Amino acid sequence: MSIQWFPGHMKESMELLKNSISKANIVLEILDARLPFSSSNPYIENLCKNILKIKILNKNDIADPDITKKWLNYYKSIHEKAIAISAKDIKESKRLIEYCQKITKKNKAEKMKLMVIGIPNTGKSTIINSIVGKKVAKTGNVPAITRHNQRMATKDMDIYDTPGLLWPVLEPKLRADILAASGAIANTAIDYNDTGAFTLDFLIENYPNFLKARYKFDTLPNKKTHIIEKIGIIRGCLQKGGIIDIPRTYEILVNELRQGKLGRISFEKPAII
Ligand SMILES: Nc1nc2c(ncn2[C@@H]2O[C@H](COP(=O)(O)OP(=O)(O)OP(=O)(O)O)[C@@H](O)[C@H]2O)c(=O)[nH]1
Ligand SMILES: [Mg+2]
């Protein structure tokens with residue numbers, strides 16, 4: 001089943017962003033460090049052609065550290081400014097601001113005007129709270145928490161929070177599957193049987209030891225159905241008559257992966273390293 005999610009507020013916000021982006025002297029494009037390519041909105045790339053833009057690989061604490069290093073090397077090789085952080089750590093936001101100051105040191109007199117943009121649920125509002133040092137923006141672990149632009153001012157800078165933006169057609173399917181598994185797409189637009197099956201295949205292929213450790217397998221069964229059934233039993237997903245509730249089990253698996261409970265994983269590597 002194809003996944004599509006482009007609610008009305010995103011269309012409006014994209015229009016608004018086109019008109020307001022010039023207020024910024026630095027755009028912080030907040031990516032999910034586990035999926036730097038898939039979480040980069042192609043429309044945003046186009047909007048920022050004439051503005052200083054920094055790619056922020058956030059949620060680095062739950063991304064595969066070796067792969068994040070490869071992404072940073074890749075961006076360096078194509079002369080794209082990028083930094084990996086974990087916004088929940090205030091020290092990391094300080095490092096981000098120092099990085100912005102270093103890049104713009106020629107215009108120190110000019111107040112920094114940061115526009116924080118990206119797809120849903122990548123941690124835009126969390127980064128702002130961390131920079132400002134108090135909870136000025138609403139956050140949450142589901143996508144589309146921020147619905148309107150919001151300006152925050154400190155003595156050194158203006159920061160604009162913006163709603164997470166996807167694009168009208170999520171293609172190819174692999175990209176939509178990665179976005180869904182990461183938590184960028186609303187639950188209502190996802191079939192957990194599909195997203196869970198994608199997630200399980202991905203883990204079997206790329207992080208089998210994480211699966212083994214988390215769900216206590218001595219060896220991973222060859223059959224995928226046996227793996228998901230055991231996870232279902234461990235997590236108590238049983239219906240009447242002892243039947244395992246597979247969709248519920250897939251949902252739990254996806255949520256545990258999203259929270260980093262299986263370990264630090266990345267969905268994609270740069271094409272050229
Ligand atoms: N592990 C981890 N979680 C993070 C990090 N930054 C943010 N989060 C979590 O990610 C979820 C989304 O954070 P938000 O700041 O609301 O994300 P957003 O990009 O503003 O989301 P929208 O407004 O919906 O577009 C929350 O549960 C945060 O606690 C991080 O660096 N590491
Ligand atoms: Mg937000």
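The first residue in the sequence is number 1, and the count goes up from there. Indexing begins at 1, ligand by ligand and atom by atom, following the structure's order. Computed over heavy atoms, backbone and side chain alike; hydrogens, waters and symmetry mates excluded. All figures in this text were calculated on a predicted structure; none of them were measured in a lab.
- Ligand 1 has an N or O atom lying under 3.5 Å from an N or O atom of T126, backbone or side chain.
- Contacts between S125 and ligand 1 below 4.0 angstrom, taking non-hydrogen atoms only, involve backbone and side chain alike.
- Between D201 and K224 there is a salt bridge, since a side-chain N of the basic residue sits under 4.0 Å from a carboxylate O of the acidic one.
- When rounded to 10 degrees, the angle formed at the Mg ion (ligand 2) by OG1 (T146) and OG (S125) equals 90°.
- Annotation: atom 22 (P) of ligand 1 to nearest protein heavy atom, N121 N, 3.7 Å.
- The existence of a salt bridge linking D158 and K111 is confirmed by a sub-4.0 Å separation between a basic side-chain nitrogen and an acidic carboxylate oxygen.
- Of the protein's non-hydrogen atoms, N58 ND2, 3.1 Å is the one closest to atom 6 (N) of ligand 1.
- When only non-hydrogen protein atoms are considered, atom 3 (N) of ligand 1 lies nearest to K88 CE, 3.6 Å.
- In this structure, the side chain of E92 engages the main chain of S86 through a donor-acceptor pair within 3.5 Å.
- Between Y99 and K81 there is a side-chain heavy-atom pair separated by less than 4.5 Å.
- Considering both main-chain and side-chain atoms, D61 comes within under 3.5 Å of ligand 1 through a nitrogen or oxygen pair.
- Atom 17 (O) of ligand 1 has its closest protein heavy atom at G123 N, 3.1 Å.
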Exercise for review: Could you please spell out the steps behind the salt bridge (Lys or Arg N to Asp or Glu O under 4.0 Å) verdict for R95 and E98?
Suggested key: CA-CA 5 Å; R95 190 163 64 83; E98 281 162 11; over 6 Å; no

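- Using a 4.0 Å cut-off between charged side-chain N and carboxylate O, D177 and K173 make a salt bridge.
- Look at K55 and E45 and you find a salt bridge, because one of the NZ, NE, NH1 or NH2 atoms lies within 4.0 Å of a carboxylate O, short of that distance.
- Residues R258 and S182 approach most closely at CG-O, 3.7 Å, considering heavy atoms.
- K59 NZ, 3.2 Å is the protein heavy atom nearest to atom 10 (O) of ligand 1.
- Residue contact check: P143 has heavy atoms under 4.0 Å from atoms 24 (O) of ligand 1.
- Geometrically, ligand 1 and A144 share a nitrogen or oxygen pair separated by less than 3.5 Å.
- Ion pair K53/E80 flagged as a salt bridge, since at least one NZ, NE, NH1 or NH2 atom sits closer than 4.0 Å to an Asp/Glu carboxylate oxygen.
- Residue contact check: A87 has heavy atoms under 4.0 Å from atoms 6 (N), 30 (C), 31 (O) of ligand 1.
- Polar contact check, I145 against ligand 1: a nitrogen or oxygen pair lies under 3.5 Å apart.
- What sits closest to atom 25 (O) of ligand 1 on the protein, heavy atoms only, is K124 NZ, 2.8 Å.
- Looking at G183, A184, G140, G164 and measuring to atom 26 (C) of ligand 1, the nearest heavy atom belongs to G140.
- Looking at heavy atoms from C-beta onward, I85 lies out of side-chain contact with N60 at the 4.5 angstrom threshold.
- Contacts of T122 with ligand 1, taken as heavy-atom pairs under 4.0 Å, involve both backbone and side chain.
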